[in-house]
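Before any comments, here is the structure.
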2 protein chains.
Amino acid sequence: MARVEGTRSLAGPGGSPTLDEVARLAGVSRATASRAINGGNRVSSQAQTAVDDAVRALGYTPNPAARSLVTRRTDSVGLVVPEPDERVFSDPFFARTLRGVTRVLAERDLQLVLLLTRPGEEEARMLRYLRNRHIDGALVVSHHRSDSLADHLAALDLPCAFVGRPWTSADKVAYVDTDNLAGGRQGASALIERGCRRIATIAGPDDMSAGVDRLEGWRSAMREAGLATDAVVHGDFTERGGEIAATTLLERHPDVDGIVAASDLMAAGALRVLTASGRSVPGDVALVGYDDLGVAERTVPQLTTIRNPISEMAEQATRLLLQQIDGDSSVRAMRVIYPPTLVRRDSA
Amino acid sequence: MARVEGTRSLAGPGGSPTLDEVARLAGVSRATASRAINGGNRVSSQAQTAVDDAVRALGYTPNPAARSLVTRRTDSVGLVVPEPDERVFSDPFFARTLRGVTRVLAERDLQLVLLLTRPGEEEARMLRYLRNRHIDGALVVSHHRSDSLADHLAALDLPCAFVGRPWTSADKVAYVDTDNLAGGRQGASALIERGCRRIATIAGPDDMSAGVDRLEGWRSAMREAGLATDAVVHGDFTERGGEIAATTLLERHPDVDGIVAASDLMAAGALRVLTASGRSVPGDVALVGYDDLGVAERTVPQLTTIRNPISEMAEQATRLLLQQIDGDSSVRAMRVIYPPTLVRRDSA
DNA sequence: CAAGACCGTGGAAGCGCTCTCACACCGAGT
DNA sequence: ACTCGGTGTGAGAGCGCTTCCACGGTCTTG
């Protein structure tokens, strides 16, 4: 009992208190103490309070390693970010996602492990990490076409959920996305209804599903209206990319009277170029952005844009993941698609 | 031996391979296998290769829970972000920090656990988490005055390092920072040398050490030059905050001919307001920003600013943390201060 | 009033790993 | 020849926890 060995600050002899000490103090067995701590099934209220008191007195917290050794759960999930470019992190999209994820995770006292992978060996390392169940599940912020993550995860039968439709194995894993096709269409339609006739688009990168789908939506709306679909330039979703794309666009098609950009940042860049070229927005050229993550309200004029409920999407993805972790296999390949909504401001 | 229970995909009977299986396959004892896997001290080259082969054949990875149960290490460090406002994440400062941290961590195969705390009970929960050694150490992105994190961490004697000087217990914990005082001074000096005489500052929040120090630096340079130090407005480091501050500033002191902003984002906001008010930059009003994290190059005109080597700072902080984890107590209260450097561009 | 159902409990096994310790073996020194 | 330091090895004891199982007690039910 009276182990004497270099008393640490708090918590009696030798480090943090163990279940054993709690049990002893509460006057029950380790088994009962364990039960009391984990939800208290089959525990008399008397024992329960005794244990509760002891826990409090000792400042006890279960040793997670010991626990997960036997339960085979780690109570942590990984957030996989392929290509952790600085851009990814400073992107408001990612920030919102993180917010949604942590909100849900906090409810259940789960931890978030950040798994960043640069291409190459790093990916192998992470796959090994995932394969050996160091985490209960993985949340993937899907980005580029190149990563075959979805394939691997599907093969692993590790619970996982994607934010944004994965490029491959989209039918085998759970994911949450917005209807980017409809969004692209809405952007174009808004301009068409407004009376624009020479409408261009600054599309996203063509190795990201969001980029491709939005472009396709724009195309279909344009075709339906009998308008030309040749004024297409690609950007990389950044403000700078928007500037470059807009410059190219104005060179090639100086007669544009409307532009649909696949992200607000690109729209903001385009806006700057348009203004600099002496065109008024929306007077000479009407402009529609995409995302509505804050940027859209800070431009002059404020951007008309398509809103994505990013935070909700991330929450939903996390819920989907938790359900899988809890053994509900019915959601393994579920997809949840949110509708985008047009937000009318001043640029169109 | 021949456990038969729903064979999982890979790895023989019942789940992922254990050390025991590796040992058996290699024809050695568990102890030897363990040694071979962990650096191979006192292992014959014969046994070593046998184990290596077995590991490869089985696709074995040590169970981290079991391992950390006995080693008392988790091979993961926490990144504590008090107040995980969306702003924090979308801030390029944070993005750079994260990059520096992960770069160092990757070298050692350590995992990053994200610890976000909203004020209140959340903080208690995290403290409990830290206290019970679920992680080997904590990296804190210090932010606000309110959180008494440093005090608690110092009391816990859990290895930790701060990025940015903590408000309290700065003498008890390791931290990395830039010399914000010198930076503030440099900003003011640049304008003074340029010939500005009515110099204002858009300071940061006064509950963040970076905000306070930069302001103090500005003040001291101004005093030395015999200039008035009354034109001070506070902002919250955001672009919007910069706009508001600049507007107030122009109202109160329409005669300003120079402004030092405590962040590039605020400078960008101010720039917009200045331009809108018909003032040319740097012609009528010279402007200096702070941080140089990319924003400064994207404004028109590009911002003259004070550069902070964020990434290096984060790396350094991580190294400091790892040293502590490795038992080097000499760095427990070490501080590393990076010098800021003036980057001349077009706005001043 | 006996027979079962059920509840709360503690003993004990074991999760997969590391690490101490004792042991066998080797070549080198006396 | 005998001891000695050194080296590679395996048996075994745990790390702190959950959980199966058996057990006594109480409460129903026929």
Would you kindly give the [atom1]-to-[atom2] distance between [X] and [N], to the nearest whole Å?
{"X": "B/Arg67", "N": "D/dC17", "atom1": "CZ", "atom2": "C1'", "result": "20 Å"}
{"X": "A/Ile37", "N": "D/dC17", "atom1": "CD1", "atom2": "P", "result": "8 Å"}
{"X": "B/Arg72", "N": "D/dC17", "atom1": "CZ", "atom2": "C1'", "result": "12 Å"}
{"X": "A/Asp75", "N": "D/dT18", "atom1": "CG", "atom2": "P", "result": "11 Å"}
{"X": "A/Tyr60", "N": "D/dG16", "atom1": "OH", "atom2": "P", "result": "10 Å"}
{"X": "B/Arg73", "N": "C/dT18", "atom1": "CZ", "atom2": "C1'", "result": "14 Å"}
{"X": "A/Arg24", "N": "D/dC17", "atom1": "CZ", "atom2": "P", "result": "12 Å"}

Salt bridge (Lys or Arg N to Asp or Glu O under 4.0 Å) partners for A/Arg165, two or more places apart: A/Asp213
Partners passing salt bridge (Lys or Arg N to Asp or Glu O under 4.0 Å) against A/Arg30 (at least two apart in sequence or in another chain): A/Asp20
Partners passing ring pair (Phe, Tyr, Trp, His ring centres under 6.0 Å) against B/Tyr175 (at least two apart in sequence or in another chain): none
Listed nucleotide nearest any side-chain atom of [X], set [options]:
{"X": "A/Asn63", "options": "D/dC15, D/dT19, D/dC17", "value": "D/dC17"}
{"X": "A/Arg30", "options": "D/dT18, D/dC15, C/dC19", "value": "D/dT18"}
{"X": "B/Leu69", "options": "D/dT18, C/dG16, D/dT19", "value": "C/dG16"}

Nearest 0.5 Å, please: how far is [atom2] in [Y] from [atom1] in [X]?
{"X": "B/Arg35", "Y": "B/Ser29", "atom1": "CZ", "atom2": "OG", "answer": "6.0 Å"}
{"X": "B/Arg103", "Y": "B/Leu98", "atom1": "CZ", "atom2": "CG", "answer": "11.5 Å"}
{"X": "A/His152", "Y": "A/Thr168", "atom1": "NE2", "atom2": "OG1", "answer": "9.5 Å"}

Minimum-distance pair of heavy atoms, taken over all atoms of A/Leu153 and A/Cys160: CB-SG, 3.9 Å
Contact summary for A/Ala314 and A/Thr97, nearest pair of heavy atoms: CB-O, 3.4 Å
Find every protein N or O atom lying less than 3.5 Å from an N or O atom of nucleotides 22-27 of chain C, and list the pairs.
none

Backbone of A/Thr74 reached by a side-chain donor or acceptor of A/Asp136 within 3.5 Å: yes
Please list, pair by pair, any protein nitrogen or oxygen found under 3.5 Å from a nitrogen or oxygen in nucleotides 6-9 of chain C.
residue : atom : partner : partner atom : Å
C/dT9   : OP1  : A/Ser44 : OG           : 2.8
C/dT9   : OP2  : A/Ser44 : N            : 2.9
C/dT9   : OP2  : A/Ser44 : OG           : 3.3

Bend angle of the helix from C/dC1-D/dG30 to C/dT30-D/dA1, end axes from five pairs each (to 10°): 50°
Under 4.0 angstrom between A/Ser34 side-chain N/O and D/dC17 OP1 or OP2: no
Non-hydrogen side-chain atoms of B/Gln48 and B/Asp52 separated by less than 4.5 Å: yes
Minimum side-chain heavy-atom gap A/Met334-A/Gln324 below 4.5 Å: no
Of A/Asp20 and B/Gly27, the one whose closest DNA chain D nucleotide lies more 5': B/Gly27
Among A/Ile135, A/Leu79, A/Val81, side chain to side chain contact (heavy atoms under 4.5 Å, CB included) partner for A/Leu115: A/Ile135
